[in-house]
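A short worksheet on the structure shown next.
Only a predicted model underlies this, so the values are computations on that prediction, with no experimental measurement involved. We're numbering straight along the sequence, starting at 1.
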Amino acid sequence: MLNQPIKRPLKLLVCLLFCTGLTAQALSTDVEKPVTIESDSGVFNKEAGTAVYAGNVEIKQGTLSIRASRIEISAPGNEIQLIKATGSPVNFQQTMDSGKQTLGRAKTVQYLVTQKKLVMDGDASLSQDRDNFASNHIEYSIASGELKAGGQATAAGEKPGRVRAIFYPTNKAQ
C-alpha cells in the first residue's frame, strides 16, 4: 500500500539523519539497498494515508540501522508529509563513505517532508569518531543546510538546556 511512496522519503531521511552537522557523507550505496522494517505491530490505513509501526521497531537499509519504540508515517493522498520516530531513545547508526561510524539518538526524531526539515528533541546527540554535537533540541534544514540547536524545552517547565559541541582538529601542528 504505502510501500513505494515511503521508500523514497525514507532514503532521504537516512541521508539526513547521518549527515546532519557532520562532514562525511553516508555510504553512497546504502540508498540502493532494500529497506526492511520489523516491529511488533503495523497498522496501515490507505484512506487516511497513515502507517504506524509499534514495539521494538527496527529499520535497516544497507549499513543504516534505526531503532525506535514507534514510527508514524503520515502520507495523505500518497504524499508523505511527516515521518516521526519516538523511543527512549530513538537510536540510529550508519557507516559513512569514509568508513567512519555515525551515531545519533533522541527521544523524538521527526522529518517534516514539505518543509525539508529534520527535528530531534530530548537529549539529542550526533557523533562521529570522537566528534560530538548534543542539545535538547536540534533542527536541520535540508534546503539551507542550517543547523540550529538549543532554545526549546521538550516539556512544560523544563529548561531548554545548552548546546555542546566537541570537535577534534584533523590537522596536526607542525
- S135 side chain reached by R164 side chain, heavy atoms, under 4.5 Å: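 In short, these two side chains do not touch, never coming nearer than 4.5 Å.
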At what distance, to the nearest 0.5 angstrom, does [atom1] of [X] lie from [atom2] of [Y]?
X: L103; Y: Q94; atom1: CG; atom2: CD; answer: 11.0 Å
X: N132; Y: S125; atom1: CG; atom2: OG; answer: 5.5 Å
X: R67; Y: N56; atom1: CZ; atom2: CG; answer: 9.0 Å
X: R162; Y: N136; atom1: CZ; atom2: CG; answer: 13.0 Å
X: L64; Y: T102; atom1: CG; atom2: OG1; answer: 11.0 Å
X: T86; Y: Q110; atom1: OG1; atom2: CD; answer: 9.5 Å

If you group Ile, Leu, Val, Met, Phe, Trp and Tyr by side-chain heavy-atom gaps below 4.5 Å, do [X] and [Y] land in one group?
X: V109; Y: I37; answer: yes
X: Y111; Y: V119; answer: no
X: L112; Y: I83; answer: no

- Query: Can a salt bridge be assigned to the pair D123 and R105 using a cut-off of 4.0 Å between side-chain N and carboxylate O?
  - Reply: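 No salt bridge links D123 with R105.
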Backbone N or O of [Y] within a donor-acceptor pair of the [X] side chain at under 3.5 Å?
X: S74; Y: L82; value: no
X: E38; Y: E58; value: no
X: D129; Y: D131; value: no

- Query: Mind checking whether F133 and F167 have parallel, tilted or perpendicular rings, split at 30° and 60°?
  - Reply: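 The arrangement is tilted - the two ring planes meet at 30° to 60°.
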- Item | Distance-only donor-acceptor check, side chains Q101 and T95, under 3.5 Å |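 Judged by distance alone, the side chains do pair up.
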Please give me the minimum heavy-atom distance between [X] and [Y], naming the atom from each residue.
X: T108; Y: K84; answer: CG2-CE, 3.8 Å
X: A68; Y: A85; answer: CB-CB, 4.2 Å
X: G150; Y: V163; answer: N-CG2, 3.7 Å
X: A106; Y: P89; answer: O-CB, 3.3 Å

- For the pair I59 and I71, evaluate side-chain contact (heavy atoms from CB on, under 4.5 Å) and give the outcome as yes or no after the intermediate values. CA-CA 10 Å; I59 297 176; I71 293 183; 3.2 Å; yes
- For the pair I66 and V90, evaluate side-chain contact (heavy atoms from CB on, under 4.5 Å) and give the outcome as yes or no after the intermediate values. CA-CA 7 Å; I66 302 172; V90 175; 4.2 Å; yes
- Message: D121 vs K107, test: side-chain contact (heavy atoms from CB on, under 4.5 Å). Steps then yes/no.
- Response: CA-CA 6 Å; D121 282 307; K107 290 179 182 172; over 6 Å; no
- Query: What's the verdict on side-chain contact (heavy atoms from CB on, under 4.5 Å) for L126 and M120, showing C-alpha distance, side-chain angles and the deciding distance?
  - Reply: CA-CA 10 Å; L126 294 168; M120 299 171 65; 4.1 Å; yes
